[in-house]
Structures are given as structure tokens and as C-alpha cells.
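Here's the structure we're looking at; comments come further down.
As a basis for the values below, the full set of heavy atoms in this structure was taken, side chains included, without hydrogen atoms, waters or symmetry mates. When a residue number appears, it is its place in the shown sequence, counting from 1.
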Amino acid sequence: MTEPTLYPESGFLRLRIDLSYDGTNYSGWAKQPDRRTVQEEFENALSTILQSPVETIVAGRTDAGVHAIGQVIHVDVAEPTSLDDLAFKLNRMLDEDIRINNVAVVTGAFHARFSATRRYYTYKIMDGNKAVPPINRFDITPWYRTLDVDLLNAASALLVGEHDFAAYCKFREGSTTIRNLVRFDWVRNSEGILVAELAADSFCYSMVRNLVGAAVCVAEGRFGPDWIQAILENKERISDSLVFPSRGLTLRQVDYSE
């Protein structure tokens with residue numbers, strides 16, 4: 001096993017843990033009073049195994065109902081700790097809608113949130129009032145109107161780059177809304193599902209679902225592509241009625257520097 005790398009004189013290890021979850025039955029990642037969250041479920045399981053309290057740091061806080069296939073956290077644990085079967089034990093304790101993909105020892109310089117260089121999200125829509133297959137009902141948002149994929153891409157392209165996304169984020173005290181959106185594009189896959197891929201250095205609270213909702217307004221002909229850029233430039237907060245549901249959104253990947 002890798003030798004301790006975090007403050008070896010204090011007997012602690014920093015662990016990077018990669019995990020996936022179906023967010024349907026959770027009020028998001030972050031712990032909240034009287035609500036079931038992914039963070040609380042995970043920390044309770046790990047604390048039970050290690051027989052000591054733990055606190056996790058996450059790459060990106062997902063909202064209620066949002067899924068993840070490439071979430072990353074770090075946690076500092078007391079040594080000695082056997083890592084060989086830690087993922088196995090966690091998966092035995094956790095409900096099946098949370099899965100641990102990998103556990104590794106990292107240096108103390110690694111930080112799940114601040115060391116991340118890029119985050120990737122996917123959003124899926126079944127448009128044209130077509131039925132969503134039951135097996136995918138938690139992963140795809142149904143939409144009653146038919147959407148023009150070319151208009152989706154025309155609108156989305158106007159948002160790529162470094163901007164102040166205040167119009168497309170829910171306000172949080174002390175948080176900047178300047179982000180560098182490096183990708184936002186759409187394809188219609190072989191099953192007829194519209195799939196958006198987004199990538200940025202980081203995302204504001206509720207930003208992806210705001211961007212998707214605005215692009216859909218253009219794709220169904222309610223506004224022209226220039227509307228989406230005007231909203232961005234004028235920093236006029238779009239109506240909450242345009243924000244798309246969480247069920248179609250998945251955190252796909254988080255990148256880190258070497």
C-alpha cells in the first residue's frame with residue numbers, strides 16, 4: 001500500500017474517492033437538516049467503518065435530484081487504515097443508488113474542489129412529447145414540444161467563453177458568477193434523445209439547468225438566438241419557470257492537473 005503522504009508525522013492520510021450516484025431520492029450532495037443527502041449517507045457509512053467521524057470535501061455540490069457518474073471527494077482519515085477493501089465495505093453498507101468506484105491515497109496538496117481544473121455535465125431531453133423508456137425515467141427530462149437541434153446549438157454557442165453568468169445562476173452571497181464555459185453543444189443520438197455536453201472551469205449554483213432552459217426557449221421558437229446573448233450581457237435573471245428539471249442532469253467527469 002502507498003505510504004502515508006499527508007502530514008506523516010500526524011498519522012493522517014488524505015484519500016481521493018471517486019463515486020457515482022442516482023440523485024433521485026436525495027436533496028442534493030450537501031448535508032442539510034432533516035433531509036436525506038448523499039454526503040450524509042456517505043459520511044455515516046465511512047465513519048462507521050473507521051469508527052471515527054469524517055468530513056468530506058466534494059468537487060462539485062450537485063442539487064437535489066442531480067446524478068453523478070464521475071464525482072470526486074477527498075477525506076482525511078486516521079492511520080493505520082486498510083484501503084484494500086474500503087470500497088468493497090462502503091458499497092456493502094451504502095444503498096445501491098450510491099457506488100464507490102475507486103479509493104486512492106493522494107498528497108496533501110490534492111483538494112477535490114480547488115485542485116479541479118474542469119467539470120463536465122451532460123443533460124438529456126426526450127422532446128416531441130415522446131415517451132421516456134421506464135428504465136431511463138430518472139435520467140431523461142421529457143419535453144412536449146419538438147426542439148430544433150440546430151437552433152439549440154446556435155443559441156448555446158453564444159454562451160461559450162468567459163462571461164459573467166449572473167443571469168443564469170441563482171444568487172449566493174459572496175460567490176462570483178464569472179465562469180469560463182468551454183463547451184456547450186447538442187446532438188440527437190440514435191434513440192432520438194437530445195444530449196447536451198457542457199464543460200467549464202466550474203459552474204454556479206443551478207447554472208446548467210438555467211442554460212439548458214434558455215437554449216430550449218430558442219429551439220422551440222419562443223425567442224431568437226440574440227435573446228439568449230442579450231440576457232447574458234444585460235445580466236437580467238431569467239425566470240425560474242424556464243429552469244429545466246434536475247432529473248436530466250448528470251455530473252460526468254472532473255479533471256485535475258497532474
Exercise. With no hydrogens and no angle check, do the side chains of Y144 and D127 hold a donor and an acceptor under 3.5 Å apart?
Worked result: no
Problem set entry | Derivation and outcome, side chain to side chain donor-acceptor pair (under 3.5 Å), residues N210 and R237 | CA-CA 10 Å; N210 278 261; R237 177 81 173 90; 2.7 Å; yes
Exercise. Is it true that a side-chain atom of R209 and a backbone atom of F244 form a donor plus acceptor pair closer than 3.5 Å?
Worked result: yes
For this session: Look at the side-chain heavy atoms of Ile, Leu, Val, Met, Phe, Trp and Tyr, link any pair under 4.5 Å apart, and say whether Y121 and W186 land in one connected group.
Result: yes
For this session: Taking N136 for its side chain and I140 for its backbone only, find out whether a donor-acceptor pair lies under 3.5 Å.
Result: no
For this session: Could you please spell out the steps behind the salt bridge (charged side-chain N to carboxylate O under 4.0 Å, His left out) verdict for R35 and E40?
Result: CA-CA 9 Å; R35 291 182 179 272; E40 185 166 23; over 6 Å; no
Exercise. Are V58 and I100 grouped together when hydrophobic residues (ILVMFWY) are joined by side-chain heavy atoms under 4.5 angstrom apart?
Worked result: yes
Exercise. Is a side-chain donor or acceptor of H111 paired with a backbone partner of R113 at a separation under 3.5 angstrom?
Worked result: yes
For this session: Look only at the side chain of R118 and the backbone of Q253, and say whether a donor-acceptor pair between them is shorter than 3.5 Å.
Result: no
For this session: Measure the acute angle between the ring planes of F223 and W227, then classify it against the limits of 30° and 60° as parallel, tilted or perpendicular.
Result: parallel
Problem set entry | salt_bridge(K31, E43) N-O dist < 4.0 Å | yes
Problem set entry | R179/E162 ion pair, N-O < 4.0 Å | no
For this session: Find the distance between CD1 (I69) and CG (D22) and round it off to the nearest 0.5 Å.
Result: 12.5 Å
Exercise. In terms of hydrophobic clustering (I, L, V, M, F, W, Y; side-chain heavy atoms under 4.5 Å; direct or indirect links), are V66 and V243 co-clustered?
Worked result: no
Problem set entry | Distance-only polar pair, side chains of Y26 and R36, donor-acceptor under 3.5 Å | yes
Exercise. Is it the case that one hydrophobic cluster holds both L50 and M93, taking links as side-chain heavy atoms less than 4.5 Å apart, direct or via other members?
Worked result: yes
Problem set entry | E220/R145 ion pair, N-O < 4.0 Å | yes
Exercise. Looking only at heavy atoms, which two atoms of P53 and S47 are closest? And how far apart?
Worked result: CA-OG, 3.7 Å
For this session: Could you tell me whether a side-chain N or O of R137 sits under 3.5 Å from a main-chain N or O of P134, the two making a donor and an acceptor?
Result: yes
Exercise. Is there a path from M126 to L152 through hydrophobic residues (I, L, V, M, F, W, Y) whose side chains come within less than 4.5 Å of each other?
Worked result: no
Problem set entry | Short side-chain to backbone donor-acceptor contact, R14 and V106, under 3.5 Å | no
Exercise. Considering all heavy atoms of both residues, which atom of L90 and which atom of I49 are nearest to each other, and what is their separation?
Worked result: CD2-CD1, 3.6 Å
Exercise. About how many Å separate CG of L15 and CG of L86, when rounded to the nearest 0.5 Å?
Worked result: 7.0 Å
Exercise. So, D148 side chain and L151 main chain: donor-acceptor pair closer than 3.5 Å or not?
Worked result: yes
Problem set entry | Audit row: V160, V182, side-chain contact (heavy atoms from CB on, under 4.5 Å) steps and yes/no | CA-CA 6 Å; V160 173; V182 298; 5.7 Å; no
Problem set entry | Distance in Å, K89 NZ paired with T48 OG1, rounded so as to fall on 0.5 Å steps | 12.0 Å
For this session: Answer yes or no: is there a donor N or O on one side and an acceptor on the other, between the side chain of D201 and the main chain of N180, under 3.5 Å?
Result: yes
Exercise. Any sub-3.5 Å donor-acceptor pair from S206's side-chain atoms to C169's backbone N or O?
Worked result: no
Problem set entry | Nearest atoms (heavy-atom pairs only) where S20 meets N101 | OG-ND2, 2.8 Å
For this session: Please say which of T250, T62, D95 ends up in a side chain to side chain donor-acceptor pair (under 3.5 Å) with Y21.
Result: T62
Exercise. Strictly by modelled atom types, are T37 and Q32 linked by a side-chain donor-acceptor pair under 3.5 Å?
Worked result: no
Problem set entry | Exam field: side chain H67 to backbone G23, donor-acceptor pair closer than 3.5 Å | yes
Exercise. Out of curiosity, L46 CG to I17 CD1, how far, rounded to the nearest 0.5 Å?
Worked result: 5.5 Å
Exercise. Out of curiosity, K170 NZ to D63 CG, how far, rounded to the nearest 0.5 Å?
Worked result: 7.5 Å
Exercise. Which atom pair, heavy atoms only, marks the closest approach of I98 to V38?
Worked result: CD1-CG1, 3.9 Å
For this session: Report yes or no: do T177 and D164 form a side-chain donor-acceptor pair below 3.5 Å?
Result: yes
Problem set entry | Pair R247 + D139, salt bridge at N-O below 4.0 Å | no
Exercise. Which of parallel (below 30°), tilted (30 to 60°) and perpendicular (above 60°) describes F110 and Y256?
Worked result: tilted
Exercise. Any side-chain donor paired with an acceptor under 3.5 Å for Q71 and W29?
Worked result: no
Exercise. Any salt bridge between R119 and D255, counting N to O under 4.0 Å?
Worked result: no
Exercise. NZ of K130 to CH2 of W143: how many Å apart, nearest 0.5 Å?
Worked result: 14.0 Å
For this session: Could you tell me whether R252 atom CZ has more than 12 heavy atoms of other residues or ligands within 6.0 Å of it?
Result: yes
Problem set entry | D76 and L13: CA distance, side-chain angles, deciding distance, side-chain contact (heavy atoms from CB on, under 4.5 Å) verdict | CA-CA 6 Å; D76 296 338; L13 291 173; over 6 Å; no
